[in-house]
Enquirer: 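Here it is: the structure, laid out below.
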Amino acid sequence: MAVRHQNELQKNARPKRGFLRSLAADRSGNTIMIVAGALVPIMAMIGGGVDMSRSYLSQTRLQQACDAGVLAARKKLGQSVVVTGTIPNDVDTIGQRFFDANFNDGQYGTANRSFAMTLESDYSISGVATVDVPTTIMQAFGYDQVDLVANCSAQLNMSDTDIMMVLDVTGSMADANPGETDAKIDVMNATVKDFYTQLAAAAGPQTRIRYGFVPYSTNVNVGSLLQDDWVVDTNWTYQSREWIRAETIETTQYTWQNWTYKSGTAGATTLYDSYPATWHEPAPRGNGEVGTSGGDGYYTCDTAPPGNTKTDNITLLSETNVPYEGPPAGTQNIKHYVRTYNGTEYWISLEDNICKIWSRTYTNYTFEYDGVTTPVIRDIWRWKYWPISVDVSDWRSLSNGCMEERSTYEISDYANVNFSQAKDLDIDLVPTVGDTSTQWRPMLPNIVFDRAIRWDGSGSWNKPPKVTSNEYINAGTGGFAACPAPARNLATITSSELDAYLATLQPAGSTYHDIGMIWGGRLLSPTGLFATENADRPGRSTSRHLIFLTDGQTDPLDLSYGAYGVEPLDERRWHSGGTYNLTQTVENRFAVACDEVKKRNITVWVVSFGTSLNPIMSACAGPGHAFEAANAAELSNTFSTIAQQLGELRITD
């Protein structure tokens, strides 16, 4: 730190003339007078030393008081002034208070103390302090006082800083907090932009501030950040289904054959009437969106056609049984009919969103035909729901960017985690080529089914294969496999790039805090997957921060297909009836991941937006780093507080 001192101890001293000049002019040889004259400079030297020592002490203390005043004022000013342009009223008051506490009025016998501060264009605060130090012995030599001046300036500056934003984008972020109209995700985006602006203002010309982003809900989207060798590139098993021949049965098949016209007439098909079809909006999906789970939008014809007057008289003329060679061998039954139509029939068709009513009139229209029953062998096809091995070598084109986690185990003692088994919680572990336990696996929501839960919610979980004609919930179309916007690695980012990225965040899915913390740590750690990119610059240290923002309590859903598969079926980290329920499992793993993040000398900040702080999250962040924000104003203040603490308050040249 550089401190600018201006000490003017003697510049403005005012000497009295007369006695010394007279003494110098006296050339008498009086020895006593010579001795007496010699005492005068000796007294001046001693008196000057006393007065100068007091002046130097006052100058040092005045400079300290000046520094303390501007430091306190700059800290009170914070970073929000960069965004709001408003200077808090008590900035000057707090600065003056700290100055007063460090240099009391009349201290060391001084007089005329003053202190004034100015807000500079770069948002630093400069100050000027002055005081007069009356002399004692030096008054006899014409010096009444020493005028002291101290100049000082304080600036909130940044060192190299890496910030990983782990942002909750679950479905509830589409809602507004009580008393507000803006959706929480919009408030969050605006606050992040202001936070960016505040830090940019505090950054020096050589300072590097990098941002990374991990939007999370049911899972995170990191596929674009992974190297090919980090992902399984052969086969992976999914809870899926396939169409199989379930059984072969002997049954009969009925057909109409040998149609023969006999007499009468059948009029031409005539357009009777037409009208616009009725549009039906798509039904809501499970996550509040609209789409295919309830059917896409569709048109219907709601007006029934006129009642038919057509009559149909059928007479059996003969019946015979003949041998049938098959397979299967048996008897073929043949019934010969005569049939007569009279009157008019109506029917309706939907063409290009237009309903058309057609008609046709019959007059004694008579024909004969055979109704033939034949023995047949029929294959019965069914869905077989069970784990299926899928070739994922082309995973980049197959995947939506979200991944299934690498190997882990169901932990019963979270105080003693075996990281050689819980590879998902070892945030620095770099995958080994060919070792699938260390690699990630692509999510394939469109082929994953919740065996055996039907679309109407009926049914129950069934681990063994299930052969049925029933349709079970598909995670992808059901909205139970939310995949957020892609995460971003650490990088410098412009204001316009930040705006564009935040605009891609869309709320959907359930609340799985652990996967957000795990990937936030992985992308920020200086010793893991991205160690080369995340390293300090030569000769400079980097301050690392993970800001975790959520609007909800832990809320996993058993129907969800996420980072650990379909939990009730895959049971990779949890099973029903185990030591912990699914919510507790997610929270315990969040706590372990948070501890691993902090071991990398990363400061964790947790912000709870519109909800109370989860005790697990409070413990993760620690004192002074966990915040609750009930509304937009409190969220803005929270991020301003964090921005201020990220900066380094210092005295400037």
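Because the structure is predicted, anything quoted here is derived from the model rather than measured. Keep in mind that the numbers below use all heavy atoms, side chains included, and drop hydrogens, waters and symmetry copies.
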Enquirer: Take T408 and Q421 through the side-chain hydrogen bond (donor to acceptor under 3.5 Å, both in side chains) test and state the conclusion after the steps.
Expert: CA-CA 5 Å; T408 190; Q421 287 184 268; over 6 Å; no
Enquirer: Once side-chain contact (heavy atoms from CB on, under 4.5 Å) is applied, do any residues pair with R396, and if so which ones, sequence neighbours excluded?
Expert: D228
Enquirer: Start with the C-alpha distance between H280 and T278, add both sets of side-chain angles, then the distance that settles side-chain hydrogen bond (donor to acceptor under 3.5 Å, both in side chains), and finish with yes or no.
Expert: CA-CA 7 Å; H280 298 268; T278 301; 5.5 Å; no
Enquirer: Relative to the ring of W230, is the ring of F530 parallel (under 30°), tilted (30 to 60°) or perpendicular (over 60°)?
Expert: perpendicular
Enquirer: Using the rule given for side-chain hydrogen bond (donor to acceptor under 3.5 Å, both in side chains), can you reason through E410 versus H575, listing the C-alpha separation, both sets of side-chain angles and the distance that settles it, and then say yes or no?
Expert: CA-CA 8 Å; E410 186 171 354; H575 79 277; 2.7 Å; yes
Enquirer: Any idea how W519 and W440 line up, ring-wise: parallel (<30°), tilted (30 to 60°), or perpendicular (>60°)?
Expert: tilted
Enquirer: How close do V192 and F213 get, counting heavy atoms only, and between which atoms?
Expert: CG1-CE2, 4.3 Å
Enquirer: Check side-chain contact (heavy atoms from CB on, under 4.5 Å) between D435 and all other residues, then give those that pass, not counting sequence neighbours.
Expert: T432, S437, T438
Enquirer: The test is salt bridge (Lys or Arg N to Asp or Glu O under 4.0 Å); show your working for R210 and D162 and say whether it passes.
Expert: CA-CA 5 Å; R210 298 190 298 182; D162 287 344; 2.9 Å; yes
Enquirer: Only counting residues at least two apart or in another chain, list the ones meeting ring pair (Phe, Tyr, Trp, His ring centres under 6.0 Å) with W574.
Expert: none
Enquirer: Taking only Lys NZ, Arg NE, NH1 and NH2, and the carboxylate oxygens of Asp or Glu, determine whether D536 and R544 approach each other closer than 4.0 Å.
Expert: yes
Enquirer: For the NE2 atom of H625 and the NZ atom of K598, what is their distance to the nearest 0.5 Å?
Expert: 9.5 Å
Enquirer: Should the ring pair Y414 and Y580 be called parallel, tilted or perpendicular, given that the plane angle runs from 0 to 90° and is split at 30 and 60?
Expert: perpendicular
Enquirer: Under 4.0 Å between a side-chain nitrogen and a carboxylate oxygen: does that hold for K184 and D175?
Expert: no
Enquirer: Compute the centroid of each ring, for Y216 and then for Y512, and state whether the two points are separated by less than 6.0 Å.
Expert: no
Enquirer: Do you know which of R522, R572, R589 makes salt bridge (charged side-chain N to carboxylate O under 4.0 Å, His left out) with E405?
Expert: R522
